[in-house]
Amino acid sequence: MKLIVVKDYQALSREAAHRGAEELRAHPNASVVAATGDTPMGMYAHLAELRDRGELDASGLRLFQLDSYLGLSADDPRSLYGWMKRSLLDPLGIPDERVVRLTGDAPDPDSVCEAYDAAVAAAGGIDLAILGLGRNGHLGFNEPPVQVDAPTRVVALATESIESNASYWGGQDRVPRRALTAGMSVLLKSRAILVLVSGTRKQEILRRTIEGPITPDVPASYLQHRSNVTIIADRDAAGSLSAQ
Ligand code: PGA
């Protein structure tokens, strides 16, 4: 695992976009998992600028939704699909039909999860995963404790996730309690994994991710000792950690 430390959030967004774009230019038909959340928004804005300048063609990509809230339709303002569409799909010109969704309001969410894992397998696995890091160490909504081979599934959100997602939706009672998440098995098998981490509130969990024991209690600790993982952190998140 490689840790890159940059000055601030702007530098993180530029660096992530630069690396992401290189990866996507090398693999224009890549299968990509892309997170919502606050952290990757700057990266996506930079990718959109590259596309607007004709320096990135995203039309051949296949997007796999990382997670979604259970029970919400795609037109609910809290829909994570809607967020991905506004921040990434539309700005990069990726049509809905190139997206494998985790449909939150399907009558049988378990079969949505099974179909998702089958679609990942049919695509030959994920080429690039762009992830944030939860304050409790989650990746997607793989809440602790989680096993390394957990499949895509329905999960209950951890209290920390409900608290931090409250800031997106204006209060904890507006955050659904259950979600669908791409499994650890899908994420960890991705050919390249880019994790973006910003701000002092992530400092302690980033340290445990990188230096702590590999444990189901810190899902992101499974990223240790994997050569395909790059973590980009700003100085506030890195604290005393140095680039490695
Ligand atoms: P954030 O969310 O990017 O908004 O901090 C990350 C996460 O909880 O996975």
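In this text, all values refer to a predicted model and were calculated from it rather than measured experimentally. One-based numbering, in listed order, for ligands and for the atoms of each.
At the shortest separation from atom 6 (C) of ligand 1 among protein heavy atoms lies Leu133 O, 3.7 Å. Looking at atom 8 (O) of ligand 1, its nearest protein heavy atom turns out to be His138 NE2, 2.9 Å. For atom 3 (O) of ligand 1, the closest heavy atom belonging to the protein is Thr39 OG1, 2.4 Å. Looking from atom 5 (O) of ligand 1 to the surrounding protein, the closest heavy atom is Lys202 NZ, 2.6 Å. Protein heavy atom closest to atom 2 (O) of ligand 1, with residue, atom name and distance, is Tyr168 OH, 3.3 Å.
Ionic pairing of Glu204 and Arg135 is not present here: no N-O contact between side-chain nitrogen and carboxylate oxygen is shorter than 4.0 angstrom. With respect to Arg19 and Glu15, a salt bridge is recorded, a charged nitrogen being found less than 4.0 Å from a carboxylate O. Salt bridge status for Asp217 with Arg208: absent, with no side-chain N to carboxylate O gap under 4.0 Å.
Of all the heavy atoms in Met41 and Tyr9, the pair that sits closest is N-OH, 3.7 Å. Ser185 approaches Asp149 most closely through the heavy-atom pair CB-O, 3.7 Å.
With a 6.0 Å cutoff to the six-membered ring centre and a 45° limit on the axis angle, Arg78 does not count as a cation-pi contact of Tyr69.
Atoms of ligand 1 lying under 4.0 Å from at least one heavy atom of Gly134, given by number and element, are 7 (C), 8 (O), 9 (O).
Within the 4.0 Å heavy-atom cutoff, Arg201 counts among the residues contacting ligand 1. Within the 4.0 Å heavy-atom shell around ligand 1 one does not find Phe141.
Applying the side-chain hydrogen bond (donor to acceptor under 3.5 Å, both in side chains) test between Arg153 and each of Asp110, Asn142, Asp117 identifies Asn142 as the sole match.
Of the heavy atoms in Leu196, none comes closer than 4.0 Å to ligand 1.
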